[in-house]
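First comes the structure, then the notes that go with it.
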Number of protein chains: 2
Amino acid sequence: MNGSGVRGTVTMHDVAARAGVSIKTVSNVVNDYPHIRPATREKVQRAIDELGYRMNLSARSLRQGRTGIIGLALPELSLPYFAELADSVIRAAEARGVVVLIEQTSADRQHELEVLTSDRRQLTDGLIFSPLELGPDDADALKVDYPLVVLGERIFGGEWDHVTMNNVDAARAATQHLIDQGRRRIAVIGAHAGETMGSAALRVLGYQAALAANGIPFDPELVIEGGLWHRATGADCTNRLLDSGVKVDAVFGLNDALALGALHVLHARDVDVPGDIAVIGFDDIEDAAYASPTLSSISPGREQIASMAVDLLLARIAGEEQPFRRVITDFEVMPRESTAV
Amino acid sequence: MNGSGVRGTVTMHDVAARAGVSIKTVSNVVNDYPHIRPATREKVQRAIDELGYRMNLSARSLRQGRTGIIGLALPELSLPYFAELADSVIRAAEARGVVVLIEQTSADRQHELEVLTSDRRQLTDGLIFSPLELGPDDADALKVDYPLVVLGERIFGGEWDHVTMNNVDAARAATQHLIDQGRRRIAVIGAHAGETMGSAALRVLGYQAALAANGIPFDPELVIEGGLWHRATGADCTNRLLDSGVKVDAVFGLNDALALGALHVLHARDVDVPGDIAVIGFDDIEDAAYASPTLSSISPGREQIASMAVDLLLARIAGEEQPFRRVITDFEVMPRESTAV
DNA sequence: GCTAGGCTTTACAACGTTGCAGAAGCGCGA
DNA sequence: TCGCGCTTCTGCAACGTTGTAAAGCCTAGC
């Protein structure tokens with residue numbers, strides 16, 4: 001398969017020599033330059049095939065100032081939502097001929113800042129960044145001199161493109177769904193005290209809006225704080241909620257991991273779901289459909305987020321001058337057993 | 001932060017000019033060449049800091065023939081086991097100063113073959129490859145001219161390094177665990193008919209060995225075939241198992257996704273776990289600990305697999321000549337509620 | 001038969017870095 | 001004093017590709 005046997009040995013030079021044309025003509029053929037005589041093109045192509053020539057991408061990158069690699073910075077792949085997001089981004093990128101370098105920030109603020117200025121930015125043509133800890137105060141750090149697309153709503157109004165879902169509306173819809181099933185004492189788990197712009201804050205806002213719209217009084221005792229949105233956190237929040245003795249007939253997990261943690265604890269404590277307490281999550285990860293009982297959730301349009309983000313980034317990389325955009329993707333309520341009547 | 005404002009504009013040339021030394025001296029400083037006077041080093045370092053110089057990695061790659069990127073080819077990130085594996089590989093790579101380019105094969109044979117010869121191999125110094133569909137017949141395709149580490153036991157004995165767990169022993173231990181809890185009618189879900197070298201075949205082998213060791217007759221009716229190891233497959237297998245009417249008191253899911261699918265169906269069909277049927281999985285993904293009931297599983301030493309794979313690959317990349325190695329990692333039985341007595 | 005203008009092809013010079021070979025500076029023993 | 005060997009620094013030539021500009025070729029139109 002590899003004509004020469006020795007790796008990376010075949011260059012345009014060799015192809016040119018074999019085909020009896022100049023090295024630049026080989027380059028032109030490879031790059032689909034239009035004005036080439038069919039006979040020449042074929043001659044070159046044959047030489048390429050015979051020698052098993054492959055373009056040296058480092059050389060091309062050096063010359064063009066582009067690598068064909070985009071960065072994707074996210075908290076951790078072991079969080080299912082981000083694994084699924086990465087999957088979608090990689091597919092979207094592949095469809096457009098670029099590859100993806102993933103960097104994990106461990107949801108650590110310092111690490112998130114580093115990613116923005118890391119040496120690796122030299123290796124990528126642009127970055128899709130999903131921060132979890134940065135806040136409005138860090139807006140300056142996001143003023144970078146390379147193409148950047150930010151996912152989520154933590155920091156907005158800056159000089160970068162933005163793809164996000166409407167967290168407020170989606171959370172309102174989730175809450176409304178619970179209300180529609182007759183629930184009135186709806187707890188929220190995973191809230192972040194003091195936060196104003198993060199997903200947690202926005203989703204709680206939507207929750208409150210739904211209560212208000214239905215004339216249900218807001219009870220602060222039903223809002224349970226929790227840190228990183230892992231299953232363990234959801235379990236912990238739920239235990240605290242139940243231990244507090246406050247009356248509850250539904251739990252809104254601010255993401256699916258939290259909600260799954262909640263299901264876990266409810267099951268362990270013999271609380272019937274949805275009989276005694278209904279549960280809804282947020283993100284619609286694959287797990288949700290296979291939990292016991294299956295978990296209702298909000299589908300955030302992951303595919304859409306991924307392809308929008310890649311499209312925006314590639315447009316910037318291509319140098320298209322356009323005002324910075326803020327794309328809001330669609331969401332959908334996915335009712336399942338955990339909120340059945 | 002970036003002195004010049006214009007991206008990628010600062011080169012060693014500029015640093016050299018500013019520091020009043022030759023460009024090669026800058027290179028030496030950056031690369032920690034030992035024979036440099038402290039004063040010179042400091043002068044250069046200051047110029048670097050003042051100008052915000054960053055190495056152009058494409059140029060370095062071109063010159064050195066190395067990119068500092070390793071490839072990781074796996075079926076899909078949306079399969080939790082592979083997401084967690086990718087997480088570990090990225091961390092291991094980061095600790096060693098290289099970055100990871102992930103490619104998804106969708107568990108498609110053609111795609112798995114393509115990954116081996118793709119243009120992207122030009123971009124990576126080596127590849128960690130976790131095939132799911134390739135079999136012994138494809139051994140030739142794995143004879144590539146770049147550093148390669150293969151994960152899993154589908155194809156062995158070739159000219160590449162290998163990291164895997166002992167599937168047979170681990171499956172035997174899983175089965176033994178069920179037997180220890182008094183189970184005798186143990187079903188296996190997710191088997192692959194006709195396969196001889198894959199994880200499925202090896203794990204079934206271990207299952208049979210455990211039965212034999214305990215004098216339990218092997219009943220082919222208890223072996224349920226299933227394709228891709230998704231939750232949906234596990235659910236489907238379990239439905240078929242229950243519908244068949246065959247007597248069962250335990251289910252061994254050949255991976256956790258299958259077992260979670262099984263839990264889902266058992267719950268839906270009001271079968272008590274572990275009262276009526278015990279369930280054990282394989283891989284110990286994070287979900288396992290949060291399922292309802294929590295799922296017993298086999299921990300395959302993911303961290304160890306990842307760091308061994310990265311170490312082996314980097315050693316090859318560094319050109320160390322050593323015989324091809326076959327590393328077997330440790331495993332551990334993780335008993336949880338789904339197999340409690 | 002000649003020229004304008006389009007199609008093809010080419011030579012050259014970068015892109016930013018590092019290996020190599022060697023030059024300059026220095027200390028030290030003969 | 002000289003030369004040797006070590007440290008420190010430098011110039012040059014690559015690495016493999018593509019943009020630029022220009023040269024050759026060809027055809028159509030006069």
Side-chain angles (χ1 to χ4, degrees), chain A residues 3-4 6-45 47-48 51-69 119-125 318-319, chain B residues 4 6-45 47-48 51-69 119 121-123 125 319:
Chain A
S4 84
V6 182
R7 185 186 190 200
T9 270
V10 183
T11 78
M12 279 192 176
H13 238 92
D14 306 315
V15 176
R18 173 128 187 168
V21 298
S22 83
I23 189 179
K24 188 65 222 280
T25 297
V26 178
S27 169
N28 286 337
V29 169
V30 171
N31 291 287
D32 282 324
Y33 179 73
H35 302 303
I36 304 177
R37 240 184 317 162
T40 310
R41 182 185 301 279
E42 200 200 322
K43 209 166 41 176
V44 171
Q45 191 56 55
I48 289 178
L51 296 174
Y53 167 76
R54 316 228 91 166
M55 165 91 72
N56 179 320
L57 296 174
S58 296
R60 167 188 280 207
S61 300
L62 172 58
R63 189 55 239 239
Q64 301 191 146
R66 296 240 195 100
T67 60
I69 308 177
D119 265 341
R120 296 175 177 127
R121 295 286 67 75
Q122 259 291 336
L123 213 49
T124 55
D125 296 335
Chain B
S4 84
V6 181
R7 183 184 191 200
T9 270
V10 184
T11 77
M12 280 194 176
H13 236 94
D14 306 314
V15 176
R18 175 129 187 169
V21 297
S22 83
I23 189 178
K24 189 63 223 281
T25 297
V26 177
S27 169
N28 286 338
V29 168
V30 172
N31 292 289
D32 282 323
Y33 178 74
H35 302 303
I36 303 177
R37 242 184 317 165
T40 310
R41 183 185 300 279
E42 201 200 323
K43 210 167 41 174
V44 172
Q45 192 55 55
I48 288 178
L51 296 174
Y53 167 75
R54 316 229 90 169
M55 165 89 75
N56 179 321
L57 296 175
S58 295
R60 165 186 281 205
S61 301
L62 172 58
R63 190 54 239 242
Q64 302 194 142
R66 296 239 194 99
T67 60
I69 308 177
D119 266 340
R121 295 286 67 76
Q122 259 292 335
L123 212 50
D125 296 335

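Remember, predicted model here, so these are calculated numbers, not experimental data. All values below come from the heavy atoms of this structure, side chains included, with hydrogens, waters and symmetry mates left out.
For the residue pair B:Ser61 and B:Ser58, no side-chain donor N or O sits within less than 3.5 Å of a side-chain acceptor on the partner.
Residue B:Asn31 has its side chain nearest to C:dT18 when only C:dT18, D:dT17, D:dT7 are considered. The nucleotide whose nearest atom lies closest to any side-chain atom of A:Tyr53 is, among C:dT17, C:dA11, D:dT17, D:dT17. Closest contact between the side chain of B:Ser27 and the listed nucleotides D:dT18, C:dT18, D:dT8 involves C:dT18. Taking the side chain of A:Asn28 as heavy atoms from C-beta on, and the options C:dT9, C:dT17, D:dG16, the nearest nucleotide is C:dT9. Closest contact between the side chain of A:Lys24 and the listed nucleotides D:dT8, C:dC20, D:dT18 involves D:dT18. Looking at the side chain of A:Thr25, the nearest of the listed nucleotides D:dT17, C:dT9, C:dA11 is C:dT9. The side chain of A:Ala59 lies closest to D:dT17 when the candidates are C:dT17, D:dT17, C:dC20.
Going from atom CG of A:Leu62 over to atom C1' of D:dG19 covers 13 Å, rounded to whole Å. Per the geometry, CD belonging to B:Gln64 stands 17 Å off P belonging to C:dG16, to the nearest Å. Atom P of nucleotide C:dG16 and atom CD1 of B:Ile23 are separated by 10 Å, given to the nearest angstrom. Summarising the geometry, the separation between CE on B:Met55 and P on C:dG16 is reported as 13 Å, rounded to the nearest angstrom. Atom CD in A:Gln122 sits about 10 Å away from atom P in C:dG16, given to the nearest Å. Atom pair B:Arg41:CZ and D:dT7:C1' shows a separation of 13 Å (rounding to whole Å applied). As rounded to whole Å, 10 Å separates atom P of D:dT18 from atom CG of A:Leu57. Distance, A:His35 NE2 to C:dC7 P: 5 Å, rounded to whole Å.
Heavy-atom nearest nucleotides on DNA chain D were determined for A:Tyr33 and for A:Met12, and the one closer to the 5' end corresponds to A:Met12.
The phosphate of C:dT10 (OP1 or OP2) has a side-chain N or O of A:Ser22 nearer than 4.0 angstrom. Taking 4.0 angstrom as the limit, B:Thr40 places a side-chain polar atom (N or O) nearer than this to OP1 or OP2 of D:dC9. Taking 4.0 angstrom as the limit, B:Arg60 places none of its side-chain polar atoms (N or O) nearer than this to OP1 or OP2 of C:dG16.
Donor-acceptor pairing under 3.5 Å, judged by distance alone, is present between the side chain of A:Arg63 and the base of D:dT18.
Shown are A:Ile48, A:Leu51, A:Asn56; of these, the side-chain contact (heavy atoms from CB on, under 4.5 Å) with A:Val10 is made only by A:Leu51. Screening A:Thr11, A:Asp14, A:Val21 against A:Val26 for a side-chain contact (heavy atoms from CB on, under 4.5 Å) leaves a single residue, A:Val21.
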- Query: Does the side chain to side chain contact (heavy atoms under 4.5 Å, CB included) test come out yes or no for A:Arg66 and A:Arg60, once each step is laid out?
  - Reply: CA-CA 8 Å; A:Arg66 296 240 195 100; A:Arg60 167 188 280 207; over 6 Å; no
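Going from atom NE2 of A:His35 over to atom OG1 of A:Thr40 covers 13.5 Å, rounded to the nearest 0.5 Å.
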